[in-house]
Structures are given as structure tokens and as C-alpha cells.
> 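Quick one: the structure is below, and I'll ask about it shortly.
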Amino acid sequence: MGRLPDRLRRLRHGVHEARAAIARLALFGLALLALFAGLHLAGVNVSVGTVKRWGDDLGTAGLIAFVPAAIVLNCVFVLPIPIAAGGAGLLFGTAAGTVLTVLVAGASAGIQNAIGRRGAGARAEQLLGERGRRFDDLLDRRGFTAVLYARLTPFTPFTSLNYASGVTKLGAWPMAIASGLAMAPRMYAYTALGGSLDDLTSHESISAFVVLVASTALGIGLITHAGLRHRRSRPEPGAA
């Protein structure tokens, strides 16, 4: 019985810690939502044509300004990565545009992970208890591979997932490198399509569509294989 007060104190401390973590995470999410809504209401809307006009106006300086500007705009949910890639294809051609948007994708992922970690100020285990701790430990061991597989497909959210990853042990550098590597095929496809919008039946456009389909199929296959392997590796219920 003497241990009961200590257990109650630890339980109360854990509940208080979880509530504080959830509150801070909610405030961080609301701040991002307010920023997005404010920019949208202000009429900030970026399209492939907008990127092209900005680049034309800047001339040679556009090549230097493209990466940092695209990162900032992506961080505030204004410039999706496919739009940035399409604009880069129009401005710089497929080869240079691919390199630039791979840099944008990787750097944006790492920076948003770091911002999410600082802004949320919470850990997965504080938010989800023991289940969150196990998930966090899994990402600590296999986070690079998980991001690599997921980012091969176009279905995984980009900016929101980057911010959310800040509550896990997955660091900014693994997030950035895995995102850049996995998204490189799609960056090529998007820049190729952006540079040939006037002829979507061209050889370059067709090859871009093939790359998109192949990358997506590879990502789904790897995710499925990893899921089945993880299921087989779990001990059977009731096993010793």
C-alpha cells in the first residue's frame, strides 16, 4: 500500500505531461492552419505559370533564388512540390529543374521536421503512451527506410507529414536525405511534364508518365513487402 501514492503521483504526472503535450501540439497546428488560411484569404495562389513568370522576371538571379524561395513557400503550404517542379521544368529545363527540385524537396522535408520538433515540443510517447513509444522506437531504427518507401509514391502527404514527424525520433537529416532520394524520380517526371506542357504526347512526357507509374508501383510493393515481413516477425499471441 505504501507504493500506491507514488504510483498515483507518477500517473498524475503522466496525465499532466500528456495534456500539456497535446495542448502545445494543438496550438502549433492551429498556428500553421491560421498561416495557411491567412495566405489563402490574401489571394496568395502559386501555379506553374506563376513560378514561370517570377523566374522570367528575375532572369539569371532566378536560378539562385529558386531553391530558397521554393523552400519558404512550401513551408507555408503555398507552393506544393509538384507545382515547384513543373515551374522549374519550364524555367530551367528537365535536367537542371530536376536537380533543383530534388534539393527543394529534401531541404523542405528536413527543415519542416526540425520546425515541427521545436514547435510541437512533444514526443510520440507523451501523446500515445506505450503505443507511441513503440512506434517512436521503430522509427528510430527504421525511419530512413520507412520514409524512403513511402516517398516513392505520390500518395503520402508532404508538408503536413514533415511537420508531424517532428514528434518522433526521426531526425531532420534522415528525413531530408530519404525524401530527396525517393522523390528524385518523381521530380524528374514533374519537371519533364512542366517543360513539355504544350505537347503531352512527346517522348519526354511519355517517359515522365512511365517513371511516375514505375515509382508508385515500386513504393507500393516495398511497403507491402515490409508490412508482411513485420507481421511475420511478430510473436504469435500466447507464445512463450
Side-chain angles (χ1 to χ4, degrees), residues 21-55 57-58 62 65-91 97-98 100-122 124 127 139 143 146-147 150-168 170-184 186-187 189-191 193-194 212 216 219:
I22 291 170
R24 183 166 177 177
L25 185 63
L27 286 173
F28 179 64
L30 286 173
L32 290 176
L33 181 62
L35 179 61
F36 170 76
L39 290 169
H40 181 72
L41 291 173
V44 179
N45 184 23
V46 181
S47 64
V48 172
T50 307
V51 175
K52 175 75 164 58
R53 287 193 298 274
W54 287 349
D57 292 340
L58 290 172
F66 179 82
V67 171
I71 291 170
V72 170
L73 291 173
N74 183 260
C75 285
V76 296
F77 298 92
V78 169
L79 181 61
I81 293 296
I83 299 297
L90 281 174
L91 281 170
T98 299
L100 291 173
T101 47
V102 167
L103 291 175
V104 170
S108 295
I111 290 169
Q112 289 156 16
N113 170 278
I115 293 173
R117 176 167 287 104
R118 176 63 65 88
L127 300 170
L139 280 184
V147 173
R151 288 265 153 95
L152 282 168
T153 75
F155 310 123
T156 309
F158 185 75
T159 305
S160 56
L161 181 62
N162 295 336
Y163 281 123
S165 70
V167 303
T168 71
L170 182 62
W173 280 108
M175 189 73 175
I177 295 171
S179 296
L181 287 174
M183 294 177 70
R186 280 192 289 134
M187 294 306 96
Y190 293 146
T191 54
L193 290 172
L212 280 175
T216 301

> Under the side-chain contact (heavy atoms from CB on, under 4.5 Å) test against M175, which residue among N162, T168, I111 passes?
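Result for side-chain contact (heavy atoms from CB on, under 4.5 Å) with M175: N162.
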> For P157 versus S160, what's the shortest heavy-atom pair and its separation?
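Looking at all heavy atoms of both residues, the closest pair is CB-OG, 3.4 Å.
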> Is a donor on one side and an acceptor on the other found under 3.5 Å between the side chain of R117 and the backbone of L170?
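Side chain of R117 to backbone of L170, a donor-acceptor pair under 3.5 Å: yes, one is there.
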> Within this structure, what is the CG-OG1 distance for the pair L91 and T191, rounded to the nearest 0.5 Å?
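So the gap between those two atoms works out to 11.5 Å.
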> So M183 and T156, do their side chains get closer than 4.5 Å, heavy atoms only?
no
> Taking all non-hydrogen atoms of both residues into account, name the closest pair between A182 and L152 and its distance.
O-CD2, 3.5 Å
> Would you list the pairs meeting side chain to side chain donor-acceptor pair (under 3.5 Å) in which at least one residue belongs to residues 66-77, sequence neighbours left out?
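Side chain to side chain donor-acceptor pair (under 3.5 Å) check on residues 66-77 returns N74-Q112, N74-T159.
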> Over all heavy atoms of both residues, which pair between G171 and N113 is shortest? Give the atoms and the distance, please.
C-OD1, 3.6 Å
> For F66 versus A88, what's the shortest heavy-atom pair and its separation?
CZ-CB, 3.6 Å
> Mind listing the side-chain donor-acceptor pairs of residues 100-109 below 3.5 Å, one per line with the distance, residues two or more places apart or on another chain?
{"from": "T101", "atom 1": "OG1", "to": "G97", "atom 2": "O", "distance (Å)": "2.7"}
{"from": "T101", "atom 1": "OG1", "to": "T98", "atom 2": "O", "distance (Å)": "3.2"}
{"from": "S108", "atom 1": "OG", "to": "V104", "atom 2": "O", "distance (Å)": "2.7"}

> Within the distance-only criterion (no hydrogens, no angle test), does the side chain of R186 pair as donor or acceptor with the backbone N or O of T153 below 3.5 angstrom?
yes
> Do the side chain of Y190 and the main chain of G89 share a donor and acceptor less than 3.5 angstrom apart?
no
